[in-house]
Amino acid sequence: MKELVAEVIIIDNNSSDNSVGYLKPRFPFVKFIENSANTGFSKACNQGLAIAKGKYILFLNPDTIVPEDCFRNCIGFLSSHPQAGALGIKMLDGSGKFLKESKRSFPSPITSLYKLFGLSRLFPRSKVFSKYHLGNLDNNETHQVDVLAGAFIMVKKEVLDKTGGFDETFFMYGEDVDLSYRIQEKGFCNYYFADSSIIHFKGESTRKGSMNYVRMFYKAMSVFVNKHYGSGRAGLFNFFIQCAIWARAIMSAIARFIRRAGLPMLDAGLILLSFYVMKNIWNAYVKTDTQYEDRLLFIAFPSFTFVYLLAAWYAGLYDRWYKKSELIGSTIIATVVMLAVYALLPEQYRFSRGIILFGAILAFILIGILRWVLVRGGVISSGNEKKDHANTLVVGSAEEYKKALQLMEDAGMKEKVLGRIAVTENDQEAIGYWSRLDITYQSVPFNEIIFCEGSLSFKNIIGCVQQINEKVKIKIHAADSQSIVGSDSKDTAGESLSKENGYRLANPYNRRLKRLIDVCIALAGLVSFPIQLVAIRKPVSFFGNCVAVLIGSKTWIGYAAFENNLPPLRKAVIACNGIPVSIKQELPKESLQMVDYWYARDYEPSTDLKLVWKIYHRLGD
């Protein structure tokens, strides 16, 4: 890109991450416009267009990675095709998969109907059913198309002088469809350009699949058809839009209920069903002469179900990502606990270990089937997409490898790295070569790869990610940056790995253990309260703290200073430096913030236990 004479204009729509403050000193040649409010995509792009002087105008999303020769190739295509007014480009998501919105047709009632009822998904290559995303056109060939994606639109300035910029009626979504339509109205052509590819992480502005996304998307389509189509077609289209919104609202509400509250309820029903079925089988085929009291079973089965769900929760079964290992672990733990409790029961309250054991096995099978159905239906996400213990390879030079390793160490993830992939063939210290990752994959069990840009160009990286096994997560570390970025799919927001976000305290498993420790200490303190009259300095206050911890308004160990960017905690009784929060800290605020940072980053459940033991007599302060 060095041979291009270009200007770069960045419009900041009131971001809250201090990105402008970070970028300004590093890129003094860039023109920054800072808005005091989020004015929307269309208005922000028009702000940049108003001061742009170039012959070609590129509207580009910030969540993209562009190869070095991309702009030159695009300009070359536009300049050699007089009839071309604008072009879009082949876009890939963060895992290297093709994004279908790279090429689209104009929306119509019939194409919306095919999309709404899933026919476009069933027949992705059909010229009829998959018309909206032009599934019949080869992704690797350049085509004339109707609609270009707003994430990357390069337009001739002379065309924009005739069409005008984006219609600011569209706050988000639909503005690219409208501009593409007006470009064709003026007699120019839109092209999907396949000779270059970019990575578009997506998911940053509005969570795809959420009701907010559905409402905004279909509202934008309604604005478009009312503007450009006749009243008859617009009325029919709006009817389908309302059907789509209601259908998606119902499905979204059901899925949201299942994810947030319904999943444990469904599991409870399956567990109770498993015990009931196993009890009947046991009666019919094993102990035919034994009758179990219904009154006893009505108490025992719900109790065992509660134990099972509690074990499952602590094992992580209800975290955001479903993993089969968590289901297996929770089943084993719950079964062992239930059998142990059963063994402690008086003889008159026992019925059969076999019912418990085989009931738990049947529950495991049924819950496993339910999870498979929910994952296939997109209601919950599979743990295959989110691995806590990824085996990582780093592609880069020895120096780039050290920098990436340091970033991972700062984020508490250095132990994941298996080794380095070379960027030059004569590098004998690496375990593979970047252009032959398919061979390495057969011998090294890696499921995550980090590409270091520098020795490798972005063009090299983008070309390579399209060839990698789809099960492998991909991240990129740009030269001179202080982060590693990536996104697993088009439906999830990108993630950034840096020294600022590697908090062990943010791990749901550690947070559950912390809460369990809090509750156990509080319960132990209440049960043994007479002893605390002697052991604790302020026993009445200690009793109040125990109650506050139990109801969830306090935690025994917490932060010494308030810091917004750390994982949230309840109000603390004792600061993580061992000083009761009721006592004024002598350290400066900056030092206290560092203490909090280390506590959150390096958190271990044993840390809380050690601190509580050390200053137990002051838990009433």
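The closest side-chain heavy-atom distance from E101 to V147 is not below 4.5 Å. Using a 4.5 Å cut-off on side-chain heavy atoms (C-beta onward), V417 and Y401 make contact. Looking at heavy atoms from C-beta onward, F446 lies in side-chain contact with T440 at the 4.5 angstrom threshold. Looking only at side-chain heavy atoms (C-beta outward), F451 and L456 come within less than 4.5 Å of each other. Within the 4.5 Å cutoff, the side chain of I75 has heavy atoms near those of the M154 side chain. L437 has its side chain out of reach of Q467: every pair of non-hydrogen atoms, C-beta onward, lies at least 4.5 Å apart. Residues V177 and D146 fail the side-chain proximity criterion, which asks for heavy atoms closer than 4.5 Å. Counting heavy atoms from C-beta outward, T64 and F152 have side chains that stay 4.5 Å or more apart.
Between D176 and R104 there is a salt bridge, with a side-chain nitrogen of the basic residue lying less than 4.0 Å from a carboxylate oxygen of the acidic one. Residues R182 and D167 are not paired through a salt bridge, judged by the lack of any N-O separation under 4.0 Å between the basic side chain and the carboxylate. Salt bridge present: R436 and E425 bring a charged side-chain N and a carboxylate O closer than 4.0 Å.
Between the side chain of S130 and the main chain of R125, no donor-acceptor pair closer than 3.5 Å is present. The main-chain N or O of S180 is found under 3.5 Å from a side-chain atom of N190 such that the two form a donor-acceptor pair. Judged by distance alone, the side chain of K103 and the main-chain N or O of L134 form a donor-acceptor pair under 3.5 Å. In this structure, the side chain of S483 does not engage the main chain of V485 through any donor-acceptor pair within 3.5 Å. Listed for the D93 side chain is a donor-acceptor partner under 3.5 Å among the backbone atoms of S95. For N73 (side chain) and D69 (main-chain N/O), a donor-acceptor pair under 3.5 Å exists by modelled atom type.
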Under the side-chain contact (heavy atoms from CB on, under 4.5 Å) rule, what do F106 and Q184 come out as? Steps first, then yes or no, please.
-> CA-CA 11 Å; F106 290 123; Q184 288 196 6; 3.5 Å; yes
Where do D138 and H143 land on the side-chain contact (heavy atoms from CB on, under 4.5 Å) test, with the steps shown first?
-> CA-CA 8 Å; D138 192 330; H143 301 282; 4.1 Å; yes
Given the rule in the side-chain contact (heavy atoms from CB on, under 4.5 Å) test, do F188 and Q83 qualify, once you have shown the distances and angles that lead to the verdict?
-> CA-CA 6 Å; F188 298 97; Q83 80 281 14; over 6 Å; no
Yes or no on side-chain contact (heavy atoms from CB on, under 4.5 Å) for N460 and W434, after CA distance, side-chain angles and deciding distance?
-> CA-CA 9 Å; N460 293 144; W434 75 276; 3.8 Å; yes
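Within the model, atoms CZ of F166 and CZ of F41 stand 5.0 Å from one another, a figure rounded to the nearest 0.5 Å. How far CD1 of I89 is from CZ of F77: 11.5 Å, rounded to the nearest 0.5 Å. If you take CD on Q144 and NE2 on H81, they are separated by 10.0 Å, rounding to the nearest 0.5 Å. Remark: I462 CD1 to I476 CD1 distance equals 7.0 Å, nearest 0.5 Å. S397 contributes atom OG, which lies 8.0 Å from atom NZ of K403 (distance to the nearest 0.5 angstrom). Between E168 atom CD and Q47 atom CD the span is 8.0 Å, to the nearest 0.5 Å.
For CZ of F27, the number of neighbouring non-hydrogen atoms (other residues, nucleotides, ligands) closer than 6.0 Å is 12 at most. Dense packing is recorded around NZ of K156, with more than 12 heavy atoms of other residues, nucleotides or ligands lying under 6.0 Å away. The 12-atom threshold is not exceeded at NZ of K127, counting heavy atoms of other residues, nucleotides or ligands nearer than 6.0 Å. Annotation for K43: atom NZ does not count as buried by contact number, only 12 or fewer foreign heavy atoms lying within 6.0 Å. When the shell of 6.0 Å around CG of D480 is examined, it contains 12 or fewer heavy atoms from other residues, nucleotides or ligands.
Applying the side-chain contact (heavy atoms from CB on, under 4.5 Å) rule to K157 yields the partners L49, I57, D161; only residues at least two apart in sequence or on another chain are considered. Applying the side-chain contact (heavy atoms from CB on, under 4.5 Å) test to N426 and every residue at least two apart in sequence or in another chain returns T424.
N13 and N38 form a side-chain donor-acceptor contact under 3.5 Å, judged by distance and modelled atom types alone. Side chain to side chain, S457 and K459 fail the donor-acceptor criterion of an N or O pair below 3.5 Å. Residues S15 and D12 have side chains that bring a donor and an acceptor to within less than 3.5 angstrom of each other.
In plain terms, the two heavy atoms of G396 and C452 that are nearest each other are CA-CB, 4.2 Å. For K131 against S105, the heavy-atom pair with the smallest separation is O-OG, 2.9 Å. The minimum heavy-atom distance linking A86 with I153 is given by the pair CB-CG2, 4.4 Å. Scanning all heavy atoms of the two residues, the minimum distance from Y56 to S79 falls at OH-CB, 3.4 Å. Here the shortest heavy-atom pairing between S455 and V423 reads CB-CG2, 3.6 Å. Taking all atoms of both residues into account, the shortest heavy-atom contact from S80 to P82 is O-CD, 3.6 Å.
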